[in-house]
Structures are given as C-alpha cells and as structure tokens.
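Heads up, the thing below is written out as structure tokens.
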Amino acid sequence: MENVLIIGSTGQIGSELTMKLRGNYKGNIVAGYIPGAEPNYEIKESGPCEVVDITNAGQIAQVVDKYKIDTIYNLAALLSAVAESKPQLAWKIGIGGLCNVLEISREKKCALFTPSSIGVFGLNTPKDKTPQDTICRPKTMYGVTKVTGELLSDYYHTRFGVDTRSVRFPGLISYVTPPGGGTTDYAVDIYYSAAKGEKFVCPIAKGTFMDMMYMPDALRAAIEIMEADPTKLEHRNSFNIASLSFDPEIIFNEIKRYVPDFEMEYCVDPLRQSIAESWPNSLDDTCAREEWGWKPEYDLDAMTNDMLTKLKERFA
Ligand code: VAH
C-alpha cells in the first residue's frame, strides 16, 4: 500500500484507521468524508481530505486519479440497528456504494477492503465457534448487505481479478469516536457511563453473548490483511476474526474491578435484543490465523484498563 483512500474516514473505524495509516505509510492517505460529517482537527491537519460520497462514482474516480490511489478502504455503511429503520438507504450505501468502488477498483486496478460483520450470520447458523464457511441467512438488512457485499467482492476477484479482501468484524469497542447505531454499541456506552460515574442502563439482556474486539486489534487486522501475501489467501471475503466474547454481566463485573461503586440496570431494547440473539456467541477464526497470521493482542482486562484510563482522562 502507498496511496490509500479511506471512504467513511470520520466514522468509528475510519477516524482511527486514517491516523494509523498516516503513521505507518508516507504516501497520500486521503480522508474521504461527506459534508456534514467533517473530519476532526487531527485528521484535517495531518493529511489530505476530500469530499467523497460512496454513492457518487464520478467523485470517487476523480479522487482516485488525483492521488494515484492504489488501495481503497470502503467503510461507508449504516450499522445494524439504524439500517433496520432505513433499509433502502442501507442498501443504497452498502450495495450501491460497493458497486461503485468495485467498478472503480476494476478500472483503476485498486485493491479494495470492505468490512463484513458477524451480522452475516442468522438464527440457523451454528452459534458457538461459528465456522468460516457456514450458513449465512441473516434477517436484518445490515446482514443482507454484508452477505451480498461478500458475494460481490468475491465475484469481482474471481471474474475480474480485483484484489478484494475483507474481515467479519465483531462489535468494536473504542474511546475515540462513538459508534453510530449498532447492536453492540452497549459495550462502548457502558465504559462511558462508568468513566462519568453514572449508572448504566443496559439495552441487551443478561446472558446475551456477542463477539467483541478492541479497536487497536481491529485496525491491525484491517491493515495486516491488506499487507498479506495474496498467494496464501484461500478465502478473501470474508474472514472470521475473533478476540473476545462476553455478555453484559461479564463486562459489568470486569468494570466493577476498576470502579467498585459502578451500577447497572437492564432496560432491554426489543430491536437490538432480537438482532443480538440472531448473531453468534463466538467465532472460529482458524482460517485467518492460518492464511495471514491473525492474532488478537487485547484481552478483556487490558481493554477495560485502557478504555477507562483514556475516558477518565477525557472526562477529568
Ligand atoms: C453493529 N457494531 O452493531 C456493528 C457491528 C457486529 C456489530 O456490525 O451493527
């Protein structure tokens, strides 16, 4: 990778991925954003920023030409809960947008990363140690866009030789940019409540396990897969990657080790709960480990310690 375009550079993943890529690479690391979601000061001041709407193919092509982009990170998407309230828009961005970047990647010989998600799995998928190759019949529009995205990305690789790669992200936890409307957002919000000394009202029921990952591990996965030796990849779109799996009780008790007076009560959100129940309890990520050396670095204790330290500094 030398010149990279991040579409969706102001989102939960994009805001941190942009800065990490700018730290790792000396080429043009271009922050693509849409009006109304301007980059923060750090992103604005540390490299090129351009208006890039994933639904505007001409705009994407013009930026790819201007900066001689060789790799595109397509991070534009509506997350699971929001996508259920705006399914047509979720499809327009998730798939209409993906078709634009797939065509541009084909024409201009760019490598393309489009994240998938544990949202591709559904109620009839094996829930524990979910296999790499298994049933993907999601009941959410978010899941439908992610399964379709995987199939389209594999098709463009097989049919046109486009270098498409992807990982199935679990719920991502970070302290930099809050997530925007996902089912796993509770695992971020709980840390904010604890850092502010507030009681947490949990929208996900006790005993509901989901795969989760600390953002530094997720960013490393997004970069390492694009740096991987393509001759070793048997899969491409998209790899299971795993790190943590917990329910609200486990993360609450882990936080209480650092904040003894922390309190939580449950007020289950039916939509998010139904989505969470359709997702796996844990993933098998053997293929990612064998084909490109994936390995998580943060356990629950290390993540909790880092999240609370950074958030308490911010709210001090
Ligand atoms: C969501 N955070 O909850 C996202 C993610 C696996 C979860 O896709 O929609």
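Both counts, for ligands and for their atoms, begin at 1 and track the order of listing. From a predicted model like this one, the values you see are computed outputs, not experimental measurements.
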Atom 3 (O) of ligand 1: nearest protein contact (heavy atom, Å):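 Protein heavy atom at minimum distance: Thr183 N, 2.7 Å.
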For atom 2 (N) of ligand 1, grab the closest protein heavy atom and report residue, atom and distance to one decimal in Å.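 Sorting protein heavy atoms by distance from atom 2 (N) of ligand 1 puts Thr184 OG1, 3.0 Å first.
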Measure Ala81 to ligand 1 on non-hydrogen atoms and call it side chain, backbone, both or neither using the 4.0 Å cut-off.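 None of Ala81 does.
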Would you tell me whether Asn305 and Tyr298 have side-chain atoms, one donor and one acceptor, within less than 3.5 Å of each other?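 Looking only at side-chain atoms, Tyr298 and Asn305 do not form any donor-acceptor pair under 3.5 Å.
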Taking both backbone and side-chain atoms of Tyr142, is any N or O found less than 3.5 Å from an N or O belonging to ligand 1?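 Yes: some nitrogen or oxygen of Tyr142 is under 3.5 Å from one in ligand 1.
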What I want to know is whether Trp279 and ligand 1 share at least one N or O pair that is separated by under 3.5 angstrom.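 No - when backbone and side-chain N and O of Trp279 are compared with those of ligand 1, no distance drops under 3.5 Å.
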If you count the atoms of ligand 1 from 1 in the order shown, which ones are under 4.0 Å from a heavy atom of [X]?
{"X": "Gly171", "value": "6 (C)"}
{"X": "Ser80", "value": "1 (C), 3 (O), 9 (O)"}
{"X": "Ser117", "value": "6 (C), 8 (O)"}
{"X": "Ile118", "value": "6 (C)"}
{"X": "Pro170", "value": "6 (C)"}
{"X": "Phe169", "value": "6 (C)"}

Between CG of Asp284 and CG of Asp128, what distance do you get to the nearest 0.5 Å?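 Asp284 CG to Asp128 CG: 11.5 Å, rounded to 0.5 Å.
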Would Ile204 and Arg272 count as a side chain to side chain contact (heavy atoms under 4.5 Å, CB included) if you check the C-alpha gap in whole Å, the side-chain angles of each, and the deciding distance to 0.1 Å? CA-CA 7 Å; Ile204 298 294; Arg272 280 181 169 82; 4.0 Å; yes
Can the ring centroids of Phe262 and Phe252 be said to lie less than 6.0 angstrom from one another?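 Here the rings of Phe252 and Phe262 have centres that are less than 6.0 Å from each other.
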Using the rule given for salt bridge (charged side-chain N to carboxylate O under 4.0 Å, His left out), can you reason through Asp154 versus Arg236, listing the C-alpha separation, both sets of side-chain angles and the distance that settles it, and then say yes or no? CA-CA 7 Å; Asp154 270 348; Arg236 279 178 170 267; over 6 Å; no
Taking the inter-plane angle between the rings of Phe113 and Tyr73 on a 0 to 90° scale, is it parallel (under 30°), tilted (30 to 60°) or perpendicular (over 60°)?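 If you compare the ring of Phe113 with that of Tyr73, the planes turn out tilted.
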What donor-acceptor contacts under 3.5 angstrom involve side-chain atoms of residues 176-184, with partners at least two apart or in another chain?
from   : atom 1 : to    : atom 2 : distance (Å)
Thr177 : OG1    : Ser15 : OG     : 2.7
Thr183 : OG1    : Ser80 : OG     : 2.8

Using 4.0 Å as the upper bound for N to carboxylate O, is an ion pair formed by Lys44 and Glu38?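 The answer is no: the pair does not qualify as a salt bridge.
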